[in-house]
Amino acid sequence: MISLAKTASWTRRARWLALAAAAALLVSACGGGGSDNAADDCEPGETDGDLAFYNWADYMDEELLLAFEEETGVSIDYTVYESNEQMLSQVESEAAIYDLVVPSDYMVALMIEEDLLLPLNYDALPNFSNIDDAWDNPPFDPEHRYHAAYQWGTTGIGMTYDALDAIGGESSWAVIFDADTAAQVPGGISMLDDAPEAVSAALKYLGYSITETIESGNEDAIREAGALLKATNDRLVKYDSVTYGDDLVNGEVDVAHGWSGGFAQAFFETDAYETHVYTIPVEGGVRWVDTMAIPHNADNVCSAHAMINFLLDAENGAALTNYTYYGSPNEASTPYILDEILEDPGIYPPPDVYERLELIPQMGDLGLIVQDMLTEAKS
Amino acid sequence: MPSLRRAKPAAAQSTDAGPDTPPSLTPAELAAQRRKRRTGTLIATPGALYLLIFFVVPLGLITVYSFATRTSTGRTSLSGWNLNSYERIADDVIGGIIARSAWLAFLTTVLCLVVAYPFAYYLATRPPRLRARLLVLVMIPFWTNGLVRIFAIRFLLGSNGPASALSEAMGFGTFRILFTPTAVVLGMVYGFLTFMVLPLYVALERMDWRLVEAARDLYASGAKAFWRVTVPLTRSGIVAGCVLVFVPSFGSYVVPEILGGAKTLLIGSYVARQFQAARNWPLGAALSVLVIVAMLVAVAINQRNSANAERTQGVTR
C-alpha cells in the first residue's frame, strides 16, 4: 500500500513538473526581447548586428537590400505586411522583434502616443539633410524626433481613358459616389478596402475637409459619409486594397479607388499608359507619407540607423522611387529619378493639385466609428 | 435507456453480473496494469501539452480579452471588465452579419448534400477495387494548396475567364458572378464537398443493402425504398457531413475574401477586421467566443447523433 501511494504521489509530482515546464516555456516565449537601446552611441554607418526590416509588401528594390548587405556585412531579415495595423499588432504584441518598420503618417502619431518608437539619433544620419524641407516637422510628429520620410504618394482614382471621356474628361469622386455619373461608366468600379480611405473619399466628395472633420470631431459629417458609402455599395464590383491596379488593367473594373504607385506599377508592367490613367479628383484627395522608424524594443539600433542613412542616400533614394513609382521625399535624389516618373502628374502632381490633397490625421475614438461606417456599408 | 456500451466499466465490475466479469487480480497483475496505464499517459503527454499550450491557453486568453476594454488608440486594456462586446453582438449590423453568414453556410450545406449524396451512393455501390481508386480521386484536390484552388476558381469565374467567354459565345453576354454571394457559395461548396462525401460514403458503405432488397420485395417503389430505408439508415452520415460542412462555412474567411470581393461581410472577415484594421480586440474576441460556442453546439449534436446511430445499428444487426 505504501509503495502504491508513493507512485501515485510521484505521478502527481511529474504532472506538476510537466505543467511547470509548460508554463516556463510560455513565459519565456512571451517575455523574450529586452535590449539596450543605445542609439546615442551609433556612429554613421555603424552596424551592431543583423537587421530585422519589416516593410510594406512590394515596396523595396531587392538590389538595394543586397547592396546594403554587401556594404555593411550584416544580413537582413526582410519581412512584409499589408497594412499599418498588421505591423502595429506585431510590434505591440512583441510577436517578433523588428529593428526597422515603415509606418504611415497617422500610424507614426499613434505609435508615438503608445511609446512604441525610439527617438532617432540624427548624428548617425548625415543623409537626413537630403530630405526636402517640405517634410520638416509634420503634424504627426511635430518635433520630428521619431521618423525619416521613406516614400510619399496620393490616393485618387485610376480609370480607363474611355471612362474618363464618358464622364466629361474631368476626374471627380462623382464617378464613384453619384449614381448618374457612375452609370456613364461602361465597366465596374472598385474601392479600397480601407475604412479611413473610403470615408475620406466620401468626405471629399461631400465637400468636407478631412483634417477639420477629424480634428473637430464632426461625427455627423462622418455619418453622412457613411450613408453615402452604404448607398454606393451595390454599385461596386468589389473592395480591394491589393490588386486594384491589376483589376483595372485586366478589365475587371474600369474605375478604381487606389494609391498612386499601385496604379503606376500596374500600368508600367502591362504597358497600359496609353489606355489608362491615374487621376486626382477635382474635389481633392488624400496624400500620405510612409516613414522609417525604429520600434522601442529593437535589438540592433545602429544597424537600423545605418539602413535609414543608406536609403536616404541620393542615388539609393532614387533607385527606390525608380522601383516603387512612388514620390521620393529625398530632394537630393531628383537628378537620378527617371524622367517618366518626375513628369508623371499622377506621381508628382502639379502645385495646384497638390494643394487639394490632405493627410488623414490620427483618428482616436472616431477611428472606431469610421470602421463601423465601412462595415455598415457592406451590410 | 442508456446503452450497455456507455455504462462505466467500474459499475459493470461492481455489479458482478455476467460470466464476462474478470476475476479479482493478483498484485502483480495490478502493477502490470498500472504500468500500462502510465505508459499510455506518457505517450499522450506531447499531444496533450501541445493542445494545452496552443489550444486551451489561447482559448482562455480570447475569453479573457472578450471582457476587456478598448482604449481610444486601440490598445486592449485588461481592466474595467465589462460585457459591452457581447452586448454589441445584438446590434443590427453585427446580427445581420451573423445571420448572413449562417444563411450562406446553410445554402452551402444543402448544396453540398444534394451534390454529394448521389455521388457517395455511386461510390459506395462500385466494386471494391474501383471504389478505392475513385476515393483517391476524391482526395486528390485535398493535396493541392487550397488557396491556389480558390484563385483558380476566381480566374474561372472572372469577367475575362472561360465561364464568361462561354456565356458570351452562347449569346448570353458577359456575366458577373465573381465578387457576389453566389461566387462565395460556389467556392465554399467546392472547398467543403469532400467533408460531405466522405461521411456519406462511409454510412452508405456500411449500410446493410439487404434491407433495401427486403423493402423492394415488399413492393416498395425504388423512391419509397430510398426515402424510407436508405436515407434513415444513413442519417448519421448525413448529420456528420452537414456539421462538417456547416461549421467551417460559417466561419470561412479565405473564400469570401477572395471570391466575395470583401463586399459581403461575413463573420470570419468581420472578426479578422476587429483584430487588424479596427483594432477592437475585445469585440473580435467576443465574436470568436460566439463562433466557438456555435461550433461546440454543432459538435454536440453530431456526438449525440453518432451515439444514436450506434444504438440503432446494434438493433439492426
Side-chain angles (χ1 to χ4, degrees), chain A residues 3-4 7-8 10-11 14-15 18-19 21-23 25-26 29 81-86 88-89 92-93 109-111 113-114 116 187-188 190-191 193-196 233-234 236-241 243 247 250-253 362-368 370-372 374-379, chain B residues 27 30-31 34-35 37-38 41-42 45-46 48-50 52-54 56-57 70-76 88 91-97 99-100 154-155 158-161 174 176 178-180 183 257-266 269-270 273-281 283:
Chain A
S3 73
L4 230 175
T7 7
W10 244 112
T11 37
R15 212 172 293 154
L19 261 179
L25 211 100
L26 261 181
Y81 51 87
E82 275 174 8
S83 73
N84 277 306
E85 286 72 19
Q86 193 183 342
L88 175 66
S89 72
E92 199 173 38
S93 63
L110 196 152
M111 291 178 88
E113 200 174 318
E114 298 265 317
L116 292 174
S190 78
M191 279 192 83
D193 194 11
D194 181 308
N233 188 54
D234 285 344
L236 302 179
V237 169
K238 66 187 296 204
Y239 290 93
D240 190 303
S241 308
T243 61
D247 289 332
N250 290 340
E252 200 67 66
V253 297
Q362 221 276 83
M363 295 190 169
D365 280 329
L366 282 178
L368 270 191
V370 166
Q371 292 290 339
D372 284 348
L374 187 59
T375 303
E376 279 174 29
K378 293 178 176 190
S379 299
Chain B
L30 263 175
R34 266 201 312 276
R35 243 195 325 275
R37 214 174 296 149
R38 213 178 308 147
T41 318
L42 216 65
T45 306
L49 265 184
Y50 191 88
L52 180 78
I53 296 173
F54 293 108
V56 178
V57 171
R70 178 195 191 270
T71 67
S72 67
T73 47
R75 195 185 269 263
T76 307
R88 280 203 62 190
D91 270 11
D92 283 352
V93 173
I94 300 180
I97 291 170
R100 188 166 46 237
R154 176 174 167 150
F155 167 72
S159 57
N160 295 321
T174 53
R176 286 206 173 273
L178 190 59
F179 310 132
T180 63
E257 284 290 305
I258 296 175
L259 297 181
K263 239 185 89 181
T264 19
L265 205 48
L266 297 183
S269 315
Y270 189 66
R273 206 166 282 271
Q274 297 316 308
F275 283 105
Q276 296 221 324
R279 307 218 319 126
N280 193 349
W281 284 38
L283 180 60

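Everything numeric in this text was worked out from a predicted model, so none of it was measured.
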Handout entry: chain A contact via L30(B) - which portion, at a heavy-atom distance below 4.5 Å
Key = neither

Practice task
Please identify each residue that fulfils ring pair (Phe, Tyr, Trp, His ring centres under 6.0 Å) with Y50(B), with sequence neighbours left out.
Solution key: F54(B)

Fill in the blank from the handout: One should read off an interatomic distance between T180(B) OG1 and K238(A) NZ, to the nearest 0.5 angstrom, of 13.0 Å

Exercise for the section: Provide the closest heavy-atom pair for T375(A) versus Y270(B) in the form atom of the first, atom of the second, distance. Expected result: CG2-CE1, 3.2 Å

Handout entry: Side chain proximity check, N280(B) to Q371(A), heavy atoms < 4.5 angstrom
Key = no

Fill in the blank from the handout: Taken to the nearest 0.5 Å, the spacing of D365(A) CG from R70(B) CZ works out to 7.0 Å

Exercise for the section: Below 4.5 Å from any heavy atom of chain B, which atoms of L366(A) appear? Answer side chain, backbone, both or neither. Expected result: neither

Problem - Side chain, backbone, both or neither of R279(B) within contact of chain A (heavy atoms, under 4.5 Å) - result: side chain

Practice task
Looking only at non-hydrogen atoms, find the nearest pair between W281(B) and S89(A) and report the distance.
Solution key: CZ2-CB, 4.4 Å

Handout entry: Toward chain B, the part of E92(A) with a non-hydrogen atom under 4.5 Å
Key = side chain

Problem - Proximal component of Q86(A), with respect to chain B [non-hydrogen, under 4.5 Å] - result: both

Problem - pair R273(B)-D193(A): side-chain heavy atoms closer than 4.5 Å - result: yes

Exercise for the section: Measure distances from T243(A) to the heavy atoms of chain B and classify the residue's part below 4.5 Å as side chain, backbone, both or neither. Expected result: side chain

Exercise for the section: Identify the heavy atoms of V93(B) and S379(A) that sit nearest to each other, and give their distance. Expected result: CG1-OG, 3.6 Å

Exercise for the section: Kindly write out the residues that satisfy ring pair (Phe, Tyr, Trp, His ring centres under 6.0 Å) with Y81(A), not counting sequence neighbours, or none if the list is empty. Expected result: Y54(A), W56(A)

Handout entry: I97(B) versus chain A, the contacting section by heavy-atom distance below 4.5 Å
Key = side chain

Handout entry: Short N-O contact, R154(B) and E252(A), less than 4.0 angstrom
Key = no

Fill in the blank from the handout: Between D234(A) and K263(B), the two heavy atoms sitting closest are O-NZ, 3.8 Å

